[in-house]
2 protein chains.
Amino acid sequence: MKRSIEELISYLKERELRPSYQRLKILGYLLENRNHPTADEIYESLHSEIPTLSKSTVYNSLNVFVQARLVKQLTIEDSDTRYDIVTQDHGHFKCELCGRIYNFKINIDGSDTPDLKGFNIKDRNVNFTGTCPSCLKGKEIRGR
Amino acid sequence: MKRSIEELISYLKERELRPSYQRLKILGYLLENRNHPTADEIYESLHSEIPTLSKSTVYNSLNVFVQARLVKQLTIEDSDTRYDIVTQDHGHFKCELCGRIYNFKINIDGSDTPDLKGFNIKDRNVNFTGTCPSCLKGKEIRGR
DNA sequence: GTTCCTGCAAAAGCTTTGCAGAAGA
DNA sequence: TCTTCTGCAAAGCTTTTGCAGGAAC
């Protein structure tokens, strides 16, 4: 998932966004860390590398990315906002024990949602919770 | 969806929760208003009837209900927390134009999510966004 | 040279918490 | 009487905003 800086710059320029150092770093982080980070997690990770980075820049950049449809804002559970680079539709499974979030493919089509005849569906968010296989085996418990 | 007070009291007593006036009102509100209200919406609606009601009581009661699995905490979109009485699995469709939230039945089973073999699924949240039929006809736009 | 972006600090929301008095068992 | 709940105020978080200096165009 490693990308060249040029590729990231194109990502931004295509959307008429200035490729500032901070934005490139944030976007790069999202591309390399597909674990649905919160704004705070992004800030903490980049802060050591960019000591002057401010949290408002992280929030501002993320909002800009979301508006540009470059990044998707997730509300998986617990009302903590998470972010993910836009890709194809997939579901999120959050393990209640270890807190990890897993992606999974979904095959939902119109026949599964007959109530939505006549609706124009733009975005599908599917979030499951439960216990993941590792935790079912009692192997690891981290706290959420 | 109107229920008797006795029925609401049983609801609470079965879970060893004291049926205070405030809790009965909040629970009654959730049973009669199946539009996934926020804590603030519940507070505003009941405030005229119970002038002394405090917002912390609303939050506390809702948290108690959620822990008792009487109410489900929804994170549909935009990270605003909403609440709904627990019923069978159903999806939520949020119209981007009028802001209304529609329920719809879903028929997802294991064969639609092969990636989740070995996972113990406790809860399924399915949230779609888009445009509802009314707004597609250009009939009404309320702002979200 | 202009425009846009960053970073600081302050503000704005939403939600939780501590505690004294009130209500329910 | 004892326990739990309410309501107020304060605190804690997350996120947004105003603005001066700096970076990108």
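The model shown is predicted, which means the values in this text are computed figures rather than measured ones. Just so you know, these numbers use all the heavy atoms, side chains as well, and skip hydrogens, waters and symmetry mates.
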Options dA23(D), dT3(D), dT17(C), nucleotide nearest the side-chain atoms of N60(B)
dT17(C)
So, the side chain of T57(A) versus the backbone of L53(A): is there a donor-acceptor pair under 3.5 Å, distance only?
no
Mind checking T57(B) for me? I need base, sugar-phosphate or nothing, with any heavy atom below 4.0 Å counting as a touch.
base
Suppose we call two aromatic rings close when their centres sit under 6.0 Å apart. Are F128(B) and F104(B) close by that rule?
yes
Could you check whether H92(B) and N125(B), counting side-chain N and O atoms only, form a donor-acceptor pair closer than 3.5 Å?
no
What's the CZ-P distance between R23(A) and dA23(D), to the nearest Å?
15 Å
May I have the distance from K55(A) (atom NZ) to dT16(D) (atom C1'), rounded to whole angstrom?
13 Å
dG24(C) OP1/OP2 closer than 4.0 Å to side-chain N/O of S20(B)
no
Atom of F93(B), atom of N120(A) and distance for their closest heavy-atom approach:
CZ-O, 3.9 Å
Specify the separation, in whole Å, of atom CD1 of I26(B) and atom C1' of dC5(D).
11 Å
Between P on dC8(C) and NE2 on H47(A), what's the gap in Å once rounded to a whole number?
8 Å
May I ask you to verify if any side-chain N or O of S54(A) is less than 4.0 angstrom from the OP1 or OP2 atom of dC8(C)?
no
Within the structure, does a side-chain N or O atom of T52(B) lie under 4.0 Å from either OP1 or OP2 of dG7(D)?
yes
Would you classify D40(A) as touching base, sugar-phosphate or nothing, given that sugar-phosphate means primed atoms plus P, OP1 and OP2, and contacts are heavy atoms under 4.0 Å?
nothing
Could you state the atom-to-atom distance from CG of L53(B) to C1' of dC5(D) in whole Å?
13 Å
What integer distance in Å separates Q22(A):CD from dC8(C):P?
11 Å
Gap between atoms OH and C1', on Y59(B) and dT6(D) respectively (whole Å):
17 Å
What one should report as the nearest heavy-atom pair of P37(B) and E41(B) is CA-OE1, 3.1 Å
Starting at atom CD of E16(A), determine the distance to atom P of dC4(C), rounded to an integer number of angstrom.
11 Å
Kindly say whether, by distance alone, the side chain of S56(A) makes a donor-acceptor pair under 3.5 Å with the base of dC8(C)?
yes
